[in-house]
S.K.: 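Have a look at this one.
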Amino acid sequence: MSWIREGELNLLEKISANVLKAGPMPKHVAFIMDGNRRFARKKNMERQEGHMQGFDKLAETLRWCKHLNIQEVTVYAFSIENFKRTQDEVDGLMELARQKFERLLEERDNLEKHGVCIRVLGDLNMLPLDLQELIAKAVITTRSHNKCFLNVCFAYTSRYEITNAVREMAWGVEQGLIKASDVSEALLSECLYSNNSPNPDLLIRTSGEVRLSDFLLWQTSHSCLVFQSVLWPEYSFWNLCEAILQYQLNHKSIQKARDLYREHQALQQLEADRSCVAEHLQHHGNGKPVDAQRRQEALLHYTACREERVQEFVQLLKHKRDSFFTDLCSKAVLT
Amino acid sequence: MALLYGLLWRLLLVLVHVNRALVTWLRVRFRGWKGRLWERAMAALLLPLALAGFPDQQKQSKQNPESKANPGTGNRSASRRSRWLCDGRSLEKLPVHIGLLVAEEEPSYTDIANLVVWCMAVGISYVSVYDNQGVFRKNNSRLLEEIVRQQQDLLGVEGSKCSMEILSNGTDKHQHPVVSCRPTVKVLSPEDGKQSIVQAAQQLCRSVENKERSSKDISVSMLDILLREPKNIPDPELVVKFGPVESTLGFLPWHIRLTEFISLPSHKKLSYEDLLGALQRYGTCQQRLGQ
């Protein structure tokens with residue numbers, strides 16, 4: 001089955017979509033597509049068939065999202081914890097991924113037409129090499145597209161992602177690019193796999209489970225969470241509408257909490273800068289009292305320097321990540 | 001056309017609100033009716049027990065004349081205590097650590113204190129209280145006082161003897177002398193969330209700066225150990241969220257990896273049965289841990 005589904009919504013769906021679109025719409029929706037195996041068991045199918053149908057449902061959901069003006073979708077395709085499943089099932093899932101990424105490369109013209117950019121978030125090193133190369137090719141082919149974005153979390157857990165971000169920052173410190181005191185919430189967000197995306201506005205988990213299972217823990221701290229009891233392969237347009245309605249009901253209060261948090265975060269950064277400056281002045285001021293104006297100037301100077309340092313580091317990190325994909329890609333061409 | 005759709009959207013929202021209000025109203029009515037029934041049944045059941053227990057209590061109070069509790073309430077609270085403990089035991093599973101997330105304006109200290117006491121009474125060892133505006137953190141001592149008072153009210157003087165430990169790693173760390181044994185109550189605010197992860201990251205980066213370790217050594221478990229400090233409290237298995245907002249609002253992002261979220265409409269005037277219902281629902285949740 002293809003990644004892109006053509007086709008319009010039917011009349012009733014179109015009217016409902018327009019009604020929903022009169023309210024605030026989420027720009028980025030994340031899905032935990034749970035329930036493929038339970039669906040297969042319910043319908044007496046092979047487990048692998050359940051996973052296949054799950055993928056088809058993803059393609060269909062992307063079509064609905066497009067009609068609902070949702071530009072970005074993030075899905076949890078494979079967790080690092082899933083490597084604990086039986087070898088048989090893991091192999092099956094890898095094979096499915098291989099097929100689908102091959103298919104994606106065949107459909108590159110269509111993807112270009114719709115402007116779909118595919119990103120894969122996770123530690124690719126954990127995957128078989130041929131799959132890594134396929135993924136790198138897909139990512140590089142679509143990376144300049146900018147109409148809609150699909151982030152596939154593969155070999156991913158949120159704790160691993162956060163730890164990886166800390167590791168990158170520690171690497172920056174090792175290289176002398178940044179100081180340990182430059183580490184902040186904003187910088188950590190920039191070092192996550194998801195650094196190119198805004199935080200999801202809405203997170204949907206199907207199959208009735210009510211936990212996050214190590215998915216986007218950092219990014220969803222102020223997202224609307226909707227838990228639905230339907231199994232993923234049975235997900236319908238109406239389920240999606242229900243989730244969006246839920247988001248719209250929560251929109252105001254979540255926005256308020258977000259603003260409050262942002263204020264708080266800015267204050268915290270100012271406080272951190274202040275204490276760094278104070279420390280600096282104490283070390284170099286020979287104990288002389290410093291007047292308020294000089295203190296203020298020192299603070300502004302320090303902040304500008306820090307921002308420059310951090311910017312440079314972030315650029316370098318992006319470059320490092322890009323070259324990881326290009327290297328994989330060229331390796332694939334050579335072999 | 002856009003205007004029409006806008007109107008329709010508003011109508012839809014109003015309908016949903018009406019629907020919600022109706023459901024809550026029905027629930028309250030139903031609960032009131034069921035609650036009364038429950039009370040009567042309990043009274044009937046406990047009557048013989050109370051009669052049998054009364055002389056005992058009198059003897060005891062003669063023995064310790066300084067005991068201020070009047071025998072009637074002492075007895076009632078004792079039976080209540082054993083009932084709650086019994087409820088806790090009858091559940092399929094009980095969380096070791098529960099989070100109470102208040103996503104409502106103007107939190108009520110008494111109701112939260114009640115909840116904390118009930119949680120401890122059914123046998124939960126760690127209770128974390130969180131709100132995204134940091135109201136509880138700011139008024140830490142007020143909440144603490146309220147909890148102690150409710151504990152005396154609900155469990156009687158003896159019950160409150162097994163007192164709790166109040167932890168808060170915020171600004172007023174040293175103001176509260178830590179009081180004896182378990183269970184533990186922790187008051188959390190957004191600062192304990194992402195900011196604590198940033199602090200752990202800074203700590204690790206500083207050790208890299210001082211050449212104590214290499215960036216490659218940093219692992220998930222290393223970060224996890226830092227974030228569990230200082231008390232090595234386990235991650236919350238259950239978060240009960242109060243209020244209409246469907247979001248974690250910054251509640252400990254690192255620690256809620258496998259946490260089950262259960263929503264209740266409000267913490268105000270919440271009854272013990274509502275909490276027990278949430279715990280029963282938690283008892284039916286199954287975790288596969290990736291498998």
Side-chain angles (χ1 to χ4, degrees), chain A residues 15 18-23 79-85 157-160 162-163 165-174 178-185 187-188 209-214 217-218 220-227 245-250 253-254 257 260-261 264-265 268, chain B residues 1-2 5-10 12-13 16-17 20 103 132-134 190-191 193-195 197-198 200-209 213-216 218-220 222-224 243-251 253-254 256-263 281 285-287 289-291:
Chain A
I15 293 172
N18 280 329
V19 171
L20 280 181
K21 276 194 268 181
S79 149
I80 294 175
E81 302 288 320
N82 291 151
F83 281 114
K84 286 189 205 152
R85 293 184 178 177
T157 65
S158 191
R159 280 192 176 183
Y160 191 90
I162 294 170
T163 308
V166 176
R167 222 179 276 147
E168 301 287 16
M169 291 189 290
W171 169 79
V173 170
E174 245 168 10
I178 48 170
K179 297 180 190 172
S181 60
D182 294 342
V183 171
S184 68
E185 243 181 270
L187 179 59
L188 204 153
E209 304 296 347
V210 288
R211 56 182 174 271
L212 296 174
S213 297
D214 218 338
L217 300 175
W218 179 279
T220 58
S221 63
H222 289 90
S223 303
C224 177
L225 308 182
V226 175
F227 299 107
L245 191 63
Q246 188 71 256
Y247 164 80
Q248 294 179 329
L249 288 168
N250 281 287
S253 26
I254 290 185
L260 186 79
Y261 190 74
H264 185 75
Q265 199 185 335
Q268 221 146 26
Chain B
M1 213 50 188
Y5 284 132
L7 277 173
L8 278 174
W9 180 71
R10 260 159 225 284
L12 184 66
L13 240 54
V16 173
H17 278 301
R20 268 194 187 174
N132 75 309
Q133 306 186 21
E191 286 153 51
K194 288 186 183 173
Q195 204 49 45
I197 301 178
V198 169
Q202 258 178 7
Q203 200 178 328
L204 289 173
C205 285
R206 223 165 262 137
S207 68
V208 169
E209 209 165 39
R213 60 160 67 90
S214 138
S215 66
K216 291 194 184 68
I218 295 171
S219 66
V220 175
M222 199 183 270
L223 211 54
D224 195 39
V245 189
E246 300 298 332
S247 171
T248 64
L249 298 176
F251 184 92
W254 178 269
I256 52 170
R257 181 172 72 114
L258 298 173
T259 304
E260 311 278 353
F261 287 92
I262 291 176
S263 287
R281 256 179 75 196
C285 290
Q286 278 184 357
Q287 297 220 338
L289 304 167
Q291 302 222 340

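So you know, we letter chains A, B, ... as the sequences are listed, proteins then strands, and number each from 1. All values derive from a computational prediction rather than experimental measurement.
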S.K.: At a heavy-atom distance under 4.5 Å, which candidate from B/K194, B/Q286, B/K216 has the highest pair count against chain A?
M.R.: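 Max contact count across the listed options: B/K194.
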S.K.: In terms of heavy-atom proximity below 4.5 Å to chain B, should A/L187 be classed as side chain, backbone, both, or neither?
M.R.: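 Neither the backbone nor the side chain of A/L187 comes within 4.5 Å of chain B.
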S.K.: Work out which heavy atom in A/W218 is nearest to a heavy atom in B/V198; give both atom names and the distance.
M.R.: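 Heavy atoms only, the tightest pair is CH2-CG2, 4.2 Å.
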S.K.: Please report the shortest heavy-atom distance between A/R211 and B/F261, naming the atom on each side.
M.R.: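 Distance-wise, the nearest heavy atoms are CA-CD1, 4.5 Å.
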S.K.: Among A/H264, A/Q265, A/M169, A/H222, which residue has the highest count of heavy-atom pairs closer than 4.5 Å to chain B?
M.R.: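 Top count of heavy-atom pairs under 4.5 Å with chain B: A/H222.
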S.K.: Of the non-hydrogen atoms in B/V245 and B/A103, which two are nearest, and what is the gap between them?
M.R.: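 Closest pair (atom of B/V245, atom of B/A103, distance): CG2-O, 3.8 Å.
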S.K.: Name the option with the most non-hydrogen atom pairs under 4.5 Å to chain B; the candidates are A/S221, A/S184, A/A257, A/A22.
M.R.: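 Going by pairs under 4.5 Å, I would pick A/S221.
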S.K.: With chain B, which of A/D214, A/L260, A/V166 has the greatest number of heavy-atom pairs at distances under 4.5 Å?
M.R.: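 Of the options given, most contacts go to A/D214.
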S.K.: By a 4.5 Å heavy-atom criterion (distance strictly below it), what part of A/T220 contacts chain B: side chain, backbone, both, or neither?
M.R.: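 A/T220 touches chain B through backbone heavy atoms alone.
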S.K.: Tell me, side chain or backbone of A/Y160 under 4.5 Å from chain B's heavy atoms, or both, or neither?
M.R.: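 Both backbone and side chain of A/Y160 come within 4.5 Å of chain B.
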S.K.: Using a cut-off of under 4.5 Å on heavy-atom pairs, state which of B/R20, B/Q195, B/M1, B/R206 scores highest against chain A.
M.R.: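 Most heavy-atom pairs under 4.5 Å with chain A: B/Q195.
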S.K.: Among B/G250, B/C285, B/G6, single out the residue with the greatest number of heavy-atom pairs under 4.5 Å to chain A.
M.R.: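 Max contact count across the listed options: B/G250.
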S.K.: So does A/L217 get a backbone contact from the side chain of A/S158, meaning a donor-acceptor N/O pair under 3.5 Å?
M.R.: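 Checked: pair present.
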S.K.: Which residue out of B/Q202, B/H17, B/E246 racks up the most heavy-atom pairs below 4.5 Å with chain A?
M.R.: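 Result: the option with the highest number of such pairs is B/E246.
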S.K.: Under 4.5 Å from any heavy atom of chain B, what part of A/Q248 do you find: side chain, backbone, both or neither?
M.R.: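 Contact with chain B is through the side chain of A/Q248 alone.
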S.K.: Would you mind checking which part of A/L212 comes under 4.5 Å of any heavy atom in chain B, side chain (CB onward), backbone (N, CA, C, O), both or neither?
M.R.: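 For A/L212, heavy atoms of backbone and side chain both lie under 4.5 Å from chain B.
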S.K.: Decide side-chain hydrogen bond (donor to acceptor under 3.5 Å, both in side chains) for B/E260 and B/Q287; before the verdict, give the C-alpha distance in whole Å, the side-chain angles of both, and the deciding distance to 0.1 Å.
M.R.: CA-CA 9 Å; B/E260 311 278 353; B/Q287 297 220 338; 2.8 Å; yes
S.K.: Go through the steps to decide whether A/Y261 and B/Q133 satisfy the test side-chain hydrogen bond (donor to acceptor under 3.5 Å, both in side chains), and finish with yes or no.
M.R.: CA-CA 9 Å; A/Y261 190 74; B/Q133 306 186 21; over 6 Å; no
S.K.: How long is the straight-line distance from CH2 of A/W171 back to CD1 of B/I218, given to the nearest 0.5 Å?
M.R.: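 So the CD1 of B/I218 and the CH2 of A/W171 are separated by 13.5 Å.
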S.K.: Tell me, side chain or backbone of A/E209 under 4.5 Å from chain B's heavy atoms, or both, or neither?
M.R.: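 Side chain of A/E209 only, per the 4.5 Å heavy-atom cut-off to chain B.
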S.K.: Is chain B contacted by the side chain of A/K179, its backbone, both, or neither, given a heavy-atom distance below 4.5 Å?
M.R.: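 Interface part for A/K179: both.
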S.K.: For the candidates B/S247, B/P190, B/G193, B/P244, which exhibits the highest count of non-hydrogen atom pairs separated by less than 4.5 Å from chain A?
M.R.: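 Heavy-atom pairs under 4.5 Å are most numerous for B/S247.
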S.K.: Kindly indicate, with the supporting measurements, whether the criterion side-chain contact (heavy atoms from CB on, under 4.5 Å) is fulfilled by B/L8 and A/N18.
M.R.: CA-CA 10 Å; B/L8 278 174; A/N18 280 329; over 6 Å; no
S.K.: Any donor-acceptor pair under 3.5 Å linking the side chain of B/E209 with the backbone of A/A180?
M.R.: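 A pair under 3.5 Å: yes.
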S.K.: Could you tell me which non-hydrogen atom of B/C205 sits nearest to which non-hydrogen atom of A/V173, and how far apart they are?
M.R.: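 Looking at all heavy atoms of both residues, the closest pair is O-CG1, 3.8 Å.
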S.K.: Is chain A contacted by the side chain of B/L204, its backbone, both, or neither, given a heavy-atom distance below 4.5 Å?
M.R.: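 Side chain only.
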S.K.: With side chains defined as the heavy atoms from C-beta onward, is the minimum distance between A/I15 and B/Y5 less than 4.5 Å?
M.R.: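 A/I15 reaches B/Y5 side chain to side chain.
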S.K.: Go through the atoms of B/Q203 and report whether side chain, backbone, both or neither lie under 4.5 Å from a heavy atom of chain A.
M.R.: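 Neither part, no heavy atoms under 4.5 Å.
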S.K.: Can you tell which part of B/L249 gets under 4.5 Å to a heavy atom of chain A, answering side chain, backbone, both or neither?
M.R.: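 When you check distances to chain A, atoms from both the backbone and side chain of B/L249 fall under 4.5 Å.
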S.K.: Need one label for B/L223: side chain, backbone, both or neither, based on atoms under 4.5 Å from any heavy atom in chain A.
M.R.: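 Contact with chain A is through the side chain of B/L223 alone.
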S.K.: Is chain B contacted by the side chain of A/S79, its backbone, both, or neither, given a heavy-atom distance below 4.5 Å?
M.R.: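 No part of it gets close to chain B.
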S.K.: Side chain, backbone, both or neither: which part of B/S214 has a non-hydrogen atom closer than 4.5 Å to chain A?
M.R.: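 Both parts, heavy atoms under 4.5 Å.
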S.K.: Where does B/R10 contact chain A at under 4.5 Å (heavy atoms): side chain, backbone, both or neither?
M.R.: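 Contact with chain A is absent: no heavy atom of B/R10 under 4.5 Å.
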S.K.: Give, as side chain, backbone, both or neither, the part of A/S223 having an atom under 4.5 angstrom from any heavy atom of chain B.
M.R.: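 Only the backbone of A/S223 comes within 4.5 Å of chain B.
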S.K.: Using a 4.5 angstrom heavy-atom cutoff, name the option from B/V220, B/T248, B/T259 with the most pairs to chain A.
M.R.: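 Of B/V220, B/T248, B/T259, B/V220 has the most heavy-atom pairs under 4.5 Å with chain A.
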S.K.: Under 4.5 Å heavy-atom distance to chain B, tell me which part of A/L225 shows up: side chain, backbone, both or neither.
M.R.: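 Answer is both: backbone and side chain atoms of A/L225 are under 4.5 Å from chain B.
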S.K.: If I measure from the heavy atoms of chain B, does A/Y247 come under 4.5 Å with its side chain, its backbone, both, or neither?
M.R.: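 It is neither, since no heavy atom gets under 4.5 Å.
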S.K.: What's the spacing between B/I197 CD1 and A/I162 CD1 if we round to 0.5 Å?
M.R.: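 Between B/I197 CD1 and A/I162 CD1, I get 4.5 Å after rounding to 0.5 Å.
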S.K.: Using a 3.5 Å distance criterion without hydrogens, assess whether the side chain of A/R159 forms a donor-acceptor pair with backbone atoms of B/W254.
M.R.: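 Yes, the answer is positive, given that a donor and an acceptor are paired below the 3.5 Å cut-off.
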S.K.: Tell me, side chain or backbone of B/A2 under 4.5 Å from chain A's heavy atoms, or both, or neither?
M.R.: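 Neither; nothing under 4.5 Å.
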S.K.: State, to 0.1 Å, how close A/S213 and B/L258 come at their nearest heavy-atom pair, and which atoms those are.
M.R.: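 Taking A/S213 first and B/L258 second, the nearest heavy atoms are CA-CD2, 4.5 Å.
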